[in-house]
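Each remark here refers to the structure printed beneath this line.
First listed ligand is number 1; within each ligand, the first listed atom is number 1. Keep in mind that what you see is a predicted model, and the values were worked out from it rather than measured.
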Amino acid sequence: MAKRTASFICQICGAVHSRWQGRCDSCGAWNSIAEEATATDTMPANLRGGRRGRLIALESLTGTSEDAPRVQVGISELDRVAGGGIVPGSVLLIGGDPGIGKSTLLIQASAALAGAGHRIIYVSGEEAVAQVRLRAERLGLAGAPVELAAETNVEDIVATLSEGRRPALVVIDSIQTMWTDTVESAPGTVTQVRSSAQILIRYAKRAGAAVILVGHVTKDGQIAGPRVVEHMVDAVLSFEGDGAHHFRILRAQKNRFGPTDEIGVFEMTGLGLSEVANPSELFLSNRDSGAPGTAVYAGMEGTRPVLVEIQALVVPTSLGTPRRAVVGWDPSRLSMVLAVLEARCGIKLGAHDVHLNVAGGFRISEPAADLAVAAALISSLAGTVLPPDSVYFGEISLTGAVRAVPHAVARLKEAAKLGFTRAVAPAAKGAGASGREPAEAPLAIDAIASLGDIVAAIAAKGPRRAAAPSQEG
Ligand code: TYD
Ligand code: MG
(Lines give C-alpha, C1' and ligand atoms only; values in the text may rest on other atoms or scores of the structure.)
(Ligands and ions follow the chains in the order given, each with its own letter.)
Protein backbone atom coordinates (compact mmCIF):
# COMPACT_ATOMS: atom_id res chain seq x y z
CA MET A 1 0.00 0.00 0.00
CA ALA A 2 1.40 3.42 -0.91
CA LYS A 3 2.10 5.61 2.08
CA ARG A 4 0.42 9.03 1.82
CA THR A 5 2.33 12.03 3.03
CA ALA A 6 2.23 15.70 2.33
CA SER A 7 5.08 17.49 0.69
CA PHE A 8 5.69 21.11 -0.11
CA ILE A 9 6.19 21.80 -3.77
CA CYS A 10 7.21 25.06 -5.40
CA GLN A 11 4.50 25.95 -7.92
CA ILE A 12 6.98 27.74 -10.13
CA CYS A 13 9.90 25.34 -10.50
CA GLY A 14 8.56 22.11 -9.05
CA ALA A 15 11.25 21.75 -6.34
CA VAL A 16 10.17 19.59 -3.39
CA HIS A 17 10.74 20.88 0.15
CA SER A 18 10.29 19.02 3.40
CA ARG A 19 8.49 21.91 5.12
CA TRP A 20 6.76 25.13 4.18
CA GLN A 21 8.95 28.18 3.72
CA GLY A 22 8.38 31.65 2.37
CA ARG A 23 10.92 31.48 -0.41
CA CYS A 24 11.90 28.62 -2.68
CA ASP A 25 15.66 27.89 -2.33
CA SER A 26 15.74 26.44 -5.77
CA CYS A 27 14.32 29.23 -7.95
CA GLY A 28 14.14 32.11 -5.48
CA ALA A 29 10.40 32.74 -5.93
CA TRP A 30 8.51 34.12 -2.94
CA ASN A 31 5.35 32.58 -1.63
CA SER A 32 5.30 29.91 -4.30
CA ILE A 33 5.33 26.81 -2.10
CA ALA A 34 2.11 24.92 -1.62
CA GLU A 35 1.31 21.75 0.25
CA GLU A 36 0.42 18.83 -1.96
CA ALA A 37 -0.57 15.34 -0.98
CA THR A 38 1.65 12.80 -2.68
CA ALA A 39 2.06 9.10 -2.44
CA THR A 40 5.68 8.49 -1.41
CA ASP A 41 5.67 5.03 -2.78
CA THR A 42 4.30 5.68 -6.24
CA MET A 43 6.60 3.32 -8.14
CA PRO A 44 4.55 0.42 -9.47
CA ALA A 45 5.30 -2.86 -7.71
CA ASN A 46 6.70 -4.50 -10.83
CA LEU A 47 9.34 -1.76 -11.15
CA ARG A 48 10.65 -2.16 -7.62
CA GLY A 49 13.72 -4.35 -7.92
CA GLY A 50 13.99 -7.86 -9.10
CA ARG A 51 13.10 -7.53 -12.80
CA ARG A 52 15.91 -8.02 -15.27
CA GLY A 53 15.71 -5.45 -18.07
CA ARG A 54 14.72 -6.38 -21.61
CA LEU A 55 17.44 -6.02 -24.27
CA ILE A 56 17.14 -2.94 -26.46
CA ALA A 57 18.40 -2.99 -30.05
CA LEU A 58 21.01 -0.23 -30.40
CA GLU A 59 21.20 1.54 -33.74
CA SER A 60 23.85 3.51 -35.57
CA LEU A 61 23.68 7.22 -36.15
CA THR A 62 24.08 6.80 -39.92
CA GLY A 63 20.82 4.91 -40.45
CA THR A 64 18.24 6.36 -42.79
CA SER A 65 15.21 8.13 -41.46
CA GLU A 66 12.66 10.10 -43.36
CA ASP A 67 12.49 13.81 -42.85
CA ALA A 68 9.70 14.53 -40.39
CA PRO A 69 6.54 14.88 -42.50
CA ARG A 70 4.66 18.02 -41.59
CA VAL A 71 1.05 19.02 -41.60
CA GLN A 72 0.60 22.50 -43.04
CA VAL A 73 -1.97 24.46 -41.07
CA GLY A 74 -2.44 26.93 -43.87
CA ILE A 75 -1.84 29.91 -41.58
CA SER A 76 1.63 30.68 -42.89
CA GLU A 77 2.72 32.81 -39.91
CA LEU A 78 2.00 29.86 -37.62
CA ASP A 79 3.52 27.28 -39.97
CA ARG A 80 6.76 29.22 -40.23
CA VAL A 81 7.18 29.60 -36.46
CA ALA A 82 6.52 25.88 -36.02
CA GLY A 83 9.35 25.21 -38.48
CA GLY A 84 7.34 24.68 -41.66
CA GLY A 85 4.22 22.97 -40.36
CA ILE A 86 3.28 20.79 -37.43
CA VAL A 87 5.09 17.48 -37.03
CA PRO A 88 2.75 14.55 -36.30
CA GLY A 89 3.40 13.09 -32.86
CA SER A 90 4.94 16.32 -31.60
CA VAL A 91 3.74 18.34 -28.63
CA LEU A 92 3.69 22.12 -28.70
CA LEU A 93 3.16 24.39 -25.74
CA ILE A 94 1.73 27.83 -26.52
CA GLY A 95 2.04 30.32 -23.68
CA GLY A 96 0.66 33.81 -23.40
CA ASP A 97 -1.16 36.30 -21.21
CA PRO A 98 -4.87 35.75 -20.66
CA GLY A 99 -6.90 37.41 -23.41
CA ILE A 100 -4.02 37.67 -25.84
CA GLY A 101 -5.77 35.42 -28.36
CA LYS A 102 -4.47 31.88 -27.80
CA SER A 103 -7.90 30.28 -28.03
CA THR A 104 -8.73 32.41 -31.06
CA LEU A 105 -5.54 31.38 -32.87
CA LEU A 106 -6.06 27.72 -32.08
CA ILE A 107 -9.71 27.61 -33.10
CA GLN A 108 -8.72 29.27 -36.38
CA ALA A 109 -5.90 26.74 -36.88
CA SER A 110 -8.26 23.87 -35.98
CA ALA A 111 -10.89 25.08 -38.42
CA ALA A 112 -8.32 25.48 -41.20
CA LEU A 113 -7.00 21.94 -40.70
CA ALA A 114 -10.45 20.41 -40.31
CA GLY A 115 -11.51 22.16 -43.51
CA ALA A 116 -8.61 20.43 -45.26
CA GLY A 117 -9.99 17.04 -44.27
CA HIS A 118 -8.00 16.29 -41.11
CA ARG A 119 -9.63 15.05 -37.92
CA ILE A 120 -9.22 17.80 -35.32
CA ILE A 121 -10.25 17.62 -31.68
CA TYR A 122 -10.47 20.74 -29.54
CA VAL A 123 -10.76 20.14 -25.81
CA SER A 124 -11.55 23.19 -23.73
CA GLY A 125 -11.09 23.00 -19.99
CA GLU A 126 -11.92 26.65 -19.49
CA GLU A 127 -14.94 27.34 -21.61
CA ALA A 128 -18.18 25.49 -22.21
CA VAL A 129 -18.80 24.03 -25.65
CA ALA A 130 -21.39 26.76 -26.28
CA GLN A 131 -18.77 29.45 -25.66
CA VAL A 132 -16.28 27.88 -28.05
CA ARG A 133 -19.04 27.50 -30.61
CA LEU A 134 -20.06 31.14 -30.17
CA ARG A 135 -16.51 32.30 -30.81
CA ALA A 136 -16.25 30.10 -33.91
CA GLU A 137 -19.54 31.55 -35.15
CA ARG A 138 -18.26 35.11 -34.68
CA LEU A 139 -15.17 34.16 -36.65
CA GLY A 140 -17.28 32.68 -39.42
CA LEU A 141 -15.84 29.23 -38.78
CA ALA A 142 -18.93 27.48 -37.45
CA GLY A 143 -19.12 25.27 -40.55
CA ALA A 144 -15.72 23.65 -39.96
CA PRO A 145 -15.92 19.99 -38.84
CA VAL A 146 -13.89 20.47 -35.63
CA GLU A 147 -14.86 18.06 -32.85
CA LEU A 148 -15.34 19.87 -29.54
CA ALA A 149 -15.38 18.79 -25.92
CA ALA A 150 -15.42 20.62 -22.60
CA GLU A 151 -13.49 18.25 -20.36
CA THR A 152 -10.70 18.36 -17.80
CA ASN A 153 -9.97 14.76 -16.88
CA VAL A 154 -6.97 13.51 -18.82
CA GLU A 155 -7.86 9.80 -18.61
CA ASP A 156 -11.29 10.49 -20.11
CA ILE A 157 -9.74 12.65 -22.82
CA VAL A 158 -7.12 10.06 -23.80
CA ALA A 159 -9.73 7.28 -23.84
CA THR A 160 -11.90 9.39 -26.15
CA LEU A 161 -8.99 10.28 -28.42
CA SER A 162 -8.04 6.63 -28.81
CA GLU A 163 -11.46 5.87 -30.32
CA GLY A 164 -12.04 6.22 -34.05
CA ARG A 165 -9.80 7.73 -36.71
CA ARG A 166 -6.48 9.08 -35.46
CA PRO A 167 -6.72 12.85 -35.06
CA ALA A 168 -4.14 14.97 -36.85
CA LEU A 169 -4.24 17.58 -34.10
CA VAL A 170 -5.54 17.72 -30.56
CA VAL A 171 -5.79 21.10 -28.84
CA ILE A 172 -5.83 21.14 -25.03
CA ASP A 173 -6.95 24.57 -23.77
CA SER A 174 -5.41 24.86 -21.17
CA ILE A 175 -2.97 22.47 -19.48
CA GLN A 176 -3.50 24.21 -16.12
CA THR A 177 -7.12 23.06 -16.00
CA MET A 178 -6.30 19.38 -16.60
CA TRP A 179 -6.18 16.78 -13.86
CA THR A 180 -5.46 13.08 -13.65
CA ASP A 181 -6.64 10.38 -11.27
CA THR A 182 -3.09 9.16 -10.76
CA VAL A 183 -2.07 12.02 -8.46
CA GLU A 184 -3.90 13.44 -5.53
CA SER A 185 -3.05 17.14 -5.74
CA ALA A 186 -5.59 19.77 -6.68
CA PRO A 187 -5.93 20.77 -10.37
CA GLY A 188 -3.54 23.55 -11.31
CA THR A 189 -0.75 22.43 -8.98
CA VAL A 190 2.63 21.58 -10.44
CA THR A 191 2.19 17.87 -9.79
CA GLN A 192 -1.15 17.76 -11.60
CA VAL A 193 0.04 19.84 -14.52
CA ARG A 194 3.19 17.78 -14.91
CA SER A 195 1.43 14.43 -14.68
CA SER A 196 -1.36 15.48 -17.03
CA ALA A 197 1.15 16.78 -19.55
CA GLN A 198 3.10 13.53 -19.29
CA ILE A 199 0.02 11.46 -20.09
CA LEU A 200 -0.90 13.65 -23.05
CA ILE A 201 2.68 13.58 -24.37
CA ARG A 202 2.76 9.80 -24.10
CA TYR A 203 -0.51 9.69 -26.04
CA ALA A 204 0.91 11.98 -28.76
CA LYS A 205 4.03 9.85 -29.24
CA ARG A 206 2.11 6.58 -29.19
CA ALA A 207 -0.69 7.63 -31.52
CA GLY A 208 1.35 9.92 -33.77
CA ALA A 209 -1.12 12.77 -33.29
CA ALA A 210 0.13 16.31 -32.79
CA VAL A 211 -0.94 17.88 -29.49
CA ILE A 212 -0.99 21.60 -28.74
CA LEU A 213 -1.11 22.53 -25.07
CA VAL A 214 -2.13 26.03 -24.06
CA GLY A 215 -0.31 27.41 -21.01
CA HIS A 216 -0.98 30.54 -18.99
CA VAL A 217 1.75 32.98 -18.24
CA THR A 218 2.55 34.59 -14.91
CA LYS A 219 3.20 38.29 -14.44
CA ASP A 220 6.92 37.89 -15.07
CA GLY A 221 6.37 36.16 -18.39
CA GLN A 222 6.99 32.54 -17.42
CA ILE A 223 4.53 29.86 -18.27
CA ALA A 224 2.84 29.53 -14.90
CA GLY A 225 3.78 26.53 -12.85
CA PRO A 226 4.83 24.16 -15.54
CA ARG A 227 8.37 25.29 -16.18
CA VAL A 228 8.71 21.55 -15.89
CA VAL A 229 6.40 21.09 -18.87
CA GLU A 230 8.71 23.19 -21.05
CA HIS A 231 11.36 20.48 -20.81
CA MET A 232 8.97 17.73 -21.80
CA VAL A 233 7.42 19.22 -24.94
CA ASP A 234 8.97 19.46 -28.41
CA ALA A 235 8.34 23.14 -28.91
CA VAL A 236 7.50 26.13 -26.75
CA LEU A 237 5.88 29.06 -28.52
CA SER A 238 4.94 32.29 -26.83
CA PHE A 239 2.16 34.54 -27.99
CA GLU A 240 2.93 38.13 -27.12
CA GLY A 241 1.45 41.55 -27.48
CA ASP A 242 -0.03 44.15 -25.21
CA GLY A 243 -3.50 45.44 -24.67
CA ALA A 244 -2.65 48.81 -26.15
CA HIS A 245 -1.75 47.44 -29.58
CA HIS A 246 -3.73 45.18 -31.80
CA PHE A 247 -0.91 43.16 -33.24
CA ARG A 248 0.38 39.93 -31.73
CA ILE A 249 3.67 38.14 -32.15
CA LEU A 250 4.13 34.40 -32.04
CA ARG A 251 7.70 33.54 -31.13
CA ALA A 252 9.42 30.16 -30.84
CA GLN A 253 11.40 29.81 -27.60
CA LYS A 254 12.33 26.19 -28.09
CA ASN A 255 11.77 24.01 -31.13
CA ARG A 256 13.09 20.51 -31.65
CA PHE A 257 11.89 20.59 -35.26
CA GLY A 258 12.81 24.05 -36.43
CA PRO A 259 14.56 27.35 -35.78
CA THR A 260 13.85 29.39 -32.65
CA ASP A 261 14.37 32.86 -34.03
CA GLU A 262 11.34 33.02 -36.31
CA ILE A 263 8.36 35.20 -35.48
CA GLY A 264 4.82 35.20 -36.79
CA VAL A 265 2.95 38.49 -36.79
CA PHE A 266 -0.82 38.69 -36.48
CA GLU A 267 -3.30 41.49 -36.11
CA MET A 268 -6.36 41.09 -33.87
CA THR A 269 -9.37 42.24 -35.84
CA GLY A 270 -13.09 41.98 -35.38
CA LEU A 271 -12.89 38.76 -37.39
CA GLY A 272 -10.16 37.10 -35.35
CA LEU A 273 -6.43 37.04 -36.00
CA SER A 274 -5.32 37.98 -39.46
CA GLU A 275 -1.82 37.40 -40.74
CA VAL A 276 0.50 40.34 -41.26
CA ALA A 277 2.66 39.50 -44.24
CA ASN A 278 4.69 42.70 -44.08
CA PRO A 279 5.25 43.70 -40.44
CA SER A 280 7.51 46.66 -41.29
CA GLU A 281 4.61 48.48 -42.92
CA LEU A 282 2.55 47.97 -39.77
CA PHE A 283 5.28 49.16 -37.40
CA LEU A 284 6.10 52.22 -39.49
CA SER A 285 2.52 53.07 -40.38
CA ASN A 286 2.14 56.19 -38.26
CA ARG A 287 5.66 57.41 -38.05
CA ASP A 288 6.38 60.96 -36.98
CA SER A 289 9.48 61.56 -39.05
CA GLY A 290 9.62 65.30 -38.45
CA ALA A 291 10.57 65.10 -34.78
CA PRO A 292 14.04 64.78 -33.28
CA GLY A 293 14.84 61.59 -31.42
CA THR A 294 13.49 59.02 -33.86
CA ALA A 295 15.48 56.63 -36.00
CA VAL A 296 14.35 53.70 -38.12
CA TYR A 297 16.10 50.48 -37.28
CA ALA A 298 16.47 47.78 -39.95
CA GLY A 299 16.25 44.63 -37.86
CA MET A 300 16.03 40.91 -38.48
CA GLU A 301 13.68 38.43 -36.84
CA GLY A 302 14.81 34.98 -37.87
CA THR A 303 14.94 34.95 -41.64
CA ARG A 304 12.74 38.00 -41.97
CA PRO A 305 13.76 41.66 -41.98
CA VAL A 306 11.59 43.94 -39.83
CA LEU A 307 11.83 47.72 -39.79
CA VAL A 308 10.82 49.52 -36.61
CA GLU A 309 11.06 53.04 -35.31
CA ILE A 310 13.22 53.72 -32.25
CA GLN A 311 12.20 56.76 -30.22
CA ALA A 312 14.41 58.45 -27.67
CA LEU A 313 13.77 61.37 -25.38
CA VAL A 314 16.71 62.94 -23.58
CA VAL A 315 15.72 65.68 -21.13
CA PRO A 316 17.48 67.40 -18.23
CA THR A 317 16.63 65.56 -15.05
CA SER A 318 14.79 67.06 -12.13
CA LEU A 319 15.83 64.27 -9.80
CA GLY A 320 19.04 63.41 -8.01
CA THR A 321 19.44 60.18 -9.94
CA PRO A 322 18.59 60.43 -13.64
CA ARG A 323 15.91 58.08 -14.92
CA ARG A 324 16.61 55.39 -17.51
CA ALA A 325 13.34 54.03 -18.84
CA VAL A 326 13.28 51.48 -21.66
CA VAL A 327 10.33 49.87 -23.41
CA GLY A 328 11.02 47.10 -25.91
CA TRP A 329 14.78 46.86 -25.54
CA ASP A 330 17.36 45.53 -23.10
CA PRO A 331 18.04 48.15 -20.35
CA SER A 332 21.60 46.91 -19.88
CA ARG A 333 22.35 47.49 -23.56
CA LEU A 334 21.04 51.04 -23.20
CA SER A 335 23.41 51.56 -20.26
CA MET A 336 26.23 50.25 -22.42
CA VAL A 337 25.43 52.58 -25.33
CA LEU A 338 25.22 55.54 -22.91
CA ALA A 339 28.57 54.57 -21.34
CA VAL A 340 30.24 54.30 -24.76
CA LEU A 341 28.78 57.69 -25.81
CA GLU A 342 30.22 59.21 -22.64
CA ALA A 343 33.62 57.51 -22.68
CA ARG A 344 34.38 57.55 -26.41
CA CYS A 345 32.48 60.57 -27.71
CA GLY A 346 32.45 62.85 -24.68
CA ILE A 347 28.66 63.06 -24.57
CA LYS A 348 27.70 63.41 -20.90
CA LEU A 349 24.21 62.27 -20.09
CA GLY A 350 24.62 62.05 -16.31
CA ALA A 351 22.30 65.00 -15.76
CA HIS A 352 19.68 63.83 -18.25
CA ASP A 353 16.73 61.48 -18.05
CA VAL A 354 16.74 59.01 -20.93
CA HIS A 355 13.54 57.42 -22.20
CA LEU A 356 13.74 54.87 -24.97
CA ASN A 357 10.78 53.30 -26.74
CA VAL A 358 10.44 50.85 -29.58
CA ALA A 359 7.36 52.07 -31.42
CA GLY A 360 4.29 49.90 -31.73
CA GLY A 361 5.08 47.74 -28.71
CA PHE A 362 7.63 45.62 -30.59
CA ARG A 363 10.45 43.99 -28.62
CA ILE A 364 13.99 43.89 -30.02
CA SER A 365 16.66 41.50 -28.83
CA GLU A 366 19.38 42.03 -31.44
CA PRO A 367 22.54 44.02 -30.57
CA ALA A 368 22.35 45.32 -34.16
CA ALA A 369 19.92 47.94 -32.86
CA ASP A 370 22.74 49.72 -30.97
CA LEU A 371 23.45 52.15 -33.78
CA ALA A 372 19.82 53.14 -34.29
CA VAL A 373 19.47 53.67 -30.53
CA ALA A 374 22.61 55.81 -30.43
CA ALA A 375 21.38 57.85 -33.42
CA ALA A 376 17.99 58.44 -31.77
CA LEU A 377 19.67 59.46 -28.48
CA ILE A 378 22.07 61.92 -30.13
CA SER A 379 19.29 63.29 -32.30
CA SER A 380 17.11 63.95 -29.26
CA LEU A 381 19.95 65.51 -27.28
CA ALA A 382 21.02 67.72 -30.19
CA GLY A 383 17.45 68.54 -31.21
CA THR A 384 18.31 67.59 -34.78
CA VAL A 385 15.88 65.71 -36.97
CA LEU A 386 17.46 62.67 -38.61
CA PRO A 387 16.92 62.34 -42.35
CA PRO A 388 13.58 60.57 -42.77
CA ASP A 389 14.80 58.46 -45.69
CA SER A 390 17.58 56.71 -43.72
CA VAL A 391 17.67 53.44 -41.81
CA TYR A 392 20.24 52.49 -39.18
CA PHE A 393 21.79 49.23 -38.08
CA GLY A 394 25.08 48.10 -36.55
CA GLU A 395 26.49 46.82 -33.29
CA ILE A 396 28.50 49.15 -31.07
CA SER A 397 31.49 47.72 -29.26
CA LEU A 398 32.89 49.02 -25.98
CA THR A 399 35.75 50.64 -27.87
CA GLY A 400 33.28 52.81 -29.75
CA ALA A 401 33.79 50.94 -33.03
CA VAL A 402 30.74 50.03 -35.07
CA ARG A 403 30.75 46.38 -36.04
CA ALA A 404 29.20 44.63 -39.01
CA VAL A 405 26.10 42.55 -38.35
CA PRO A 406 24.72 39.56 -40.25
CA HIS A 407 22.13 39.74 -43.06
CA ALA A 408 23.07 43.27 -44.16
CA VAL A 409 21.74 42.70 -47.66
CA ALA A 410 18.35 41.43 -46.47
CA ARG A 411 18.01 44.49 -44.21
CA LEU A 412 18.92 46.84 -47.05
CA LYS A 413 16.50 45.19 -49.45
CA GLU A 414 13.62 45.53 -47.01
CA ALA A 415 14.49 49.20 -46.46
CA ALA A 416 14.61 49.81 -50.21
CA LYS A 417 11.24 48.09 -50.61
CA LEU A 418 9.69 50.49 -48.11
CA GLY A 419 11.05 53.55 -49.88
CA PHE A 420 14.17 54.33 -47.85
CA THR A 421 17.11 55.60 -49.88
CA ARG A 422 20.05 55.58 -47.45
CA ALA A 423 21.39 53.27 -44.79
CA VAL A 424 23.75 54.34 -42.04
CA ALA A 425 25.59 51.13 -41.30
CA PRO A 426 29.03 49.67 -40.66
CA ALA A 427 31.19 49.11 -43.72
CA ALA A 428 30.30 45.75 -45.23
CA LYS A 429 32.78 42.95 -44.65
CA GLY A 430 35.43 42.92 -47.34
CA ALA A 431 34.79 46.54 -48.24
CA GLY A 432 37.71 48.90 -48.00
CA ALA A 433 38.12 51.63 -45.43
CA SER A 434 36.40 53.98 -47.84
CA GLY A 435 33.20 52.01 -47.28
CA ARG A 436 32.86 50.64 -50.79
CA GLU A 437 29.32 49.44 -51.19
CA PRO A 438 28.80 45.77 -51.94
CA ALA A 439 27.73 45.25 -55.53
CA GLU A 440 24.33 43.90 -54.54
CA ALA A 441 23.46 46.70 -52.11
CA PRO A 442 20.03 47.97 -53.11
CA LEU A 443 20.52 51.43 -51.60
CA ALA A 444 23.25 53.90 -50.75
CA ILE A 445 25.26 53.12 -47.62
CA ASP A 446 26.78 55.80 -45.44
CA ALA A 447 29.46 53.50 -44.07
CA ILE A 448 30.64 54.43 -40.61
CA ALA A 449 33.46 52.91 -38.63
CA SER A 450 32.94 54.37 -35.19
CA LEU A 451 30.32 55.96 -33.03
CA GLY A 452 32.28 59.23 -33.25
CA ASP A 453 31.45 59.42 -36.99
CA ILE A 454 27.73 59.41 -36.40
CA VAL A 455 27.96 61.90 -33.53
CA ALA A 456 29.90 64.25 -35.80
CA ALA A 457 27.42 63.77 -38.64
CA ILE A 458 24.37 64.51 -36.50
CA ALA A 459 26.03 67.34 -34.63
CA ALA A 460 26.87 68.92 -38.00
CA LYS A 461 23.09 69.31 -38.34
CA GLY A 462 22.47 66.79 -40.96
CA PRO A 463 23.37 63.40 -42.25
CA ARG A 464 26.68 62.55 -43.76
CA ARG A 465 26.80 63.51 -47.41
CA ALA A 466 23.51 65.29 -46.95
CA ALA A 467 24.47 67.67 -49.73
CA ALA A 468 24.71 64.86 -52.25
CA PRO A 469 21.43 64.54 -54.14
CA SER A 470 19.96 61.06 -53.75
CA GLN A 471 19.20 59.63 -57.13
CA GLU A 472 18.55 56.19 -55.75
CA GLY A 473 15.10 55.01 -54.90
P1 TYD B 1 -8.89 34.63 -26.51
O2 TYD B 1 -8.53 33.85 -27.73
O3 TYD B 1 -10.08 34.18 -25.75
O4 TYD B 1 -7.66 34.76 -25.53
P5 TYD B 1 -6.89 33.67 -24.63
O6 TYD B 1 -7.39 32.32 -25.03
O7 TYD B 1 -5.43 33.89 -24.96
O8 TYD B 1 -7.18 34.00 -23.23
O9 TYD B 1 -9.03 36.13 -27.01
C10 TYD B 1 -9.74 37.00 -26.30
C11 TYD B 1 -9.60 38.43 -26.75
O12 TYD B 1 -9.54 38.62 -28.14
C13 TYD B 1 -10.83 39.10 -26.27
O14 TYD B 1 -10.43 40.11 -25.38
C15 TYD B 1 -11.51 39.63 -27.44
C16 TYD B 1 -10.50 39.58 -28.55
N17 TYD B 1 -11.09 39.17 -29.83
C18 TYD B 1 -11.17 40.07 -30.86
O19 TYD B 1 -10.79 41.23 -30.75
N20 TYD B 1 -11.70 39.65 -32.06
C21 TYD B 1 -12.14 38.38 -32.24
O22 TYD B 1 -12.62 38.04 -33.35
C23 TYD B 1 -12.06 37.47 -31.14
C24 TYD B 1 -12.54 36.05 -31.27
C25 TYD B 1 -11.52 37.89 -29.97
MG1 MG C 1 -8.47 30.99 -23.88
Ligand 1 atoms in contact with [X] (distance to a heavy atom under 4.0 Å):
| X | value |
| --- | --- |
| Leu271 | 22 (O) |
| Gly270 | 22 (O) |
| Leu139 | 22 (O), 24 (C) |

* May I ask whether Thr269 places a heavy atom under 4.0 Å from ligand 1? =>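 Yes, Thr269 has a heavy atom closer than 4.0 Å to ligand 1.
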* Is the closest heavy-atom distance from Gly99 to ligand 1 below 4.0 Å? -> yes
What protein heavy atom lies closest to [atom]? Include the residue and the distance to one decimal.
| atom | answer |
| --- | --- |
| atom 4 (O) of ligand 1 | Gly101 N, 3.1 Å |
| atom 3 (O) of ligand 1 | Arg135 NH2, 2.7 Å |
| atom 22 (O) of ligand 1 | Gly272 N, 2.8 Å |
| atom 6 (O) of ligand 1 | Ser103 OG, 2.6 Å |

* Spacing of CD1 belonging to Ile86 relative to CG belonging to Asp79, to within rounding of 0.5 Å ->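 The CG atom of Asp79 is 7.0 Å from CD1 of Ile86, to the nearest 0.5 Å.
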* Can you tell me how far the CZ atom of Arg251 sits from the CD atom of Glu262, to the nearest 0.5 Å? -> 11.0 Å
Between [X] and [Y]: side-chain donor-acceptor atoms closer than 3.5 Å:
| X | Y | answer |
| --- | --- | --- |
| Glu366 | His407 | no |
| Thr180 | Gln192 | no |
| Glu267 | Thr269 | no |

* To do: Would you please classify the geometry between the Phe266 ring and the Phe239 ring as parallel, tilted or perpendicular, with 30° and 60° separating the classes?
  =>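 Perpendicular: the ring planes of Phe239 and Phe266 meet at over 60°.
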* To do: Give a yes or no on whether Ser103 keeps an N, O or S atom under 2.8 Å from the Mg ion (ligand 2).
  =>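 So Ser103 does bind the Mg ion (ligand 2) by this criterion.
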* Inspect the contact between Arg304 and Glu301 and indicate whether a charged nitrogen and a carboxylate oxygen are less than 4.0 angstrom apart. =>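 Not counted as a salt bridge, because no side-chain N and carboxylate O are separated by less than 4.0 Å.
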Ligand 1 N/O within reach of [X] N/O, cut-off under 3.5 Å:
| X | value |
| --- | --- |
| Thr104 | yes |
| Met268 | no |
| Pro98 | no |

* Asked: Do Leu250 and Arg248 touch side chain to side chain, with heavy atoms closer than 4.5 Å?
  ->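 Not in contact.
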* For residues Val391 and Arg411, determine if any side-chain heavy atom of one lies less than 4.5 Å from a side-chain heavy atom of the other. => no
* Asked: Any protein heavy atom under 4.0 Å from atom 15 (C) of ligand 1?
  ->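 Not a single protein heavy atom is under 4.0 Å away.
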